[in-house]
Amino acid sequence: MTTPRLAVRAVLLDEDRLLMVNAYPDNQSDLMVVPGGGVEVGSSLPDNLRREVHEETGLSITVGDPCLVNEFHDPETGFHQVDIYFRCTLDGSALIDAGWQDSEAIVTDRRWLTEAELADRRHKPDSLRAVAFGPPGRIIYDPLEILVR
């Protein structure tokens, strides 16, 4: 049994659009998620999230309060990840440089989506739309689910 991986993710809205990325290199999947990634030891959750968002999109953010905890696993490999989602705001422009490439060359697509556009795209977690476009408030827990690619 392996220890769960901890990751942080940004729920970042601008003009009623949510920032989404595809983090599957070489078009392995069309699944969209909000930007974020694994936590590095010795760095706070907000510092990790600022780093991840900048690496994946080139944008700078202010990290607010947590709004969602989601976990998923792959029964075949034992991989288990816990994601903590934070409400975030931009520190500047919402323009994404089309030529931006994240440092690990994993993110292949980044875009701002309205609620209607998000509804028409494959995304995870299932509760993301309600959290991002619903009223702010309590932290939501999205129970353990099977990893989807």
task = Output the distance between atom CG (Asp109) and atom CG (Leu31), rounded to the nearest 0.5 Å.
result = 12.0 Å
inquiry  = Using 0.5 Å steps for rounding, measure from the SG atom of Cys67 to the CZ atom of Arg138.
reply    = 11.5 Å
All salt bridge (charged side-chain N to carboxylate O under 4.0 Å, His left out) counterparts of Asp142, not counting sequence neighbours = none
ask   = Sequence neighbours excluded, which residues qualify as salt bridge (charged side-chain N to carboxylate O under 4.0 Å, His left out) partners of Arg110?
value = none
ask   = Any donor and acceptor pair, going by atom type alone, linking the side chain of His123 with main-chain N or O of Arg121 inside 3.5 Å?
value = yes
note = For residues 37-46, the side-chain hydrogen bond (donor to acceptor under 3.5 Å, both in side chains) pairs (sequence neighbours left out) are Ser44-Asp47
request  = Please name all residues satisfying salt bridge (charged side-chain N to carboxylate O under 4.0 Å, His left out) with Glu55, sequence neighbours left out, ordered by chain then number.
outcome  = Arg51
pair Val33-Val21: side-chain heavy atoms closer than 4.5 Å = yes
query = Run the salt bridge (Lys or Arg N to Asp or Glu O under 4.0 Å) check on Asp65 and Arg87 step by step: do they pass?
reply = CA-CA 6 Å; Asp65 292 331; Arg87 292 195 187 280; over 6 Å; no
request  = Using a 4.5 Å cut-off on heavy atoms from C-beta on, say whether the side chain of Glu71 contacts that of Val69.
outcome  = no
message = Looking only at side-chain N and O atoms, does Glu145 offer a donor or acceptor that is under 3.5 Å from a partner on Asn70?
response = yes
request  = State, to 0.1 Å, how close Ser60 and His54 come at their nearest heavy-atom pair, and which atoms those are.
outcome  = OG-CD2, 4.2 Å
key: Beyond-backbone contact of Arg129 with Glu115, side-chain heavy atoms, under 4.5 angstrom   = yes
key: Pairwise side-chain contact, Val82 with Arg5, heavy-atom cut-off 4.5 Å (strictly under)   = no
key: Side-chain H-bond candidate by donor/acceptor type, Arg50 with Thr62, under 3.5 Å   = no
query = Thinking salt bridges, do Arg111 and Glu117 make one under a 4.0 Å N-O criterion?
reply = no
ask   = Using links of under 4.5 Å between side-chain heavy atoms of ILVMFWY residues, direct or through other members, which residues join Leu68 in one cluster?
value = Val11, Leu13, Leu18, Met20, Met32, Val34, Tyr85, Leu113, Leu118, Leu128, Val131, Phe133, Ile140
query = Going by heavy atoms in the side chains, are Asn22 and Val107 under 4.5 Å from each other?
reply = no
Working for side-chain contact (heavy atoms from CB on, under 4.5 Å), residues Leu12 and Trp112 = CA-CA 9 Å; Leu12 180 58; Trp112 293 98; 3.9 Å; yes
message = Do Asp16 and Thr114 make a side-chain contact, defined as non-hydrogen atoms from C-beta onward lying under 4.5 Å apart?
response = no
task = Report yes if the side chains of Leu49 and Val53 come closer than 4.5 Å at any heavy-atom pair, otherwise no.
result = yes
Under the side chain to side chain contact (heavy atoms under 4.5 Å, CB included) test, residues paired with Pro75 that sit two or more places apart = His73, Ile146
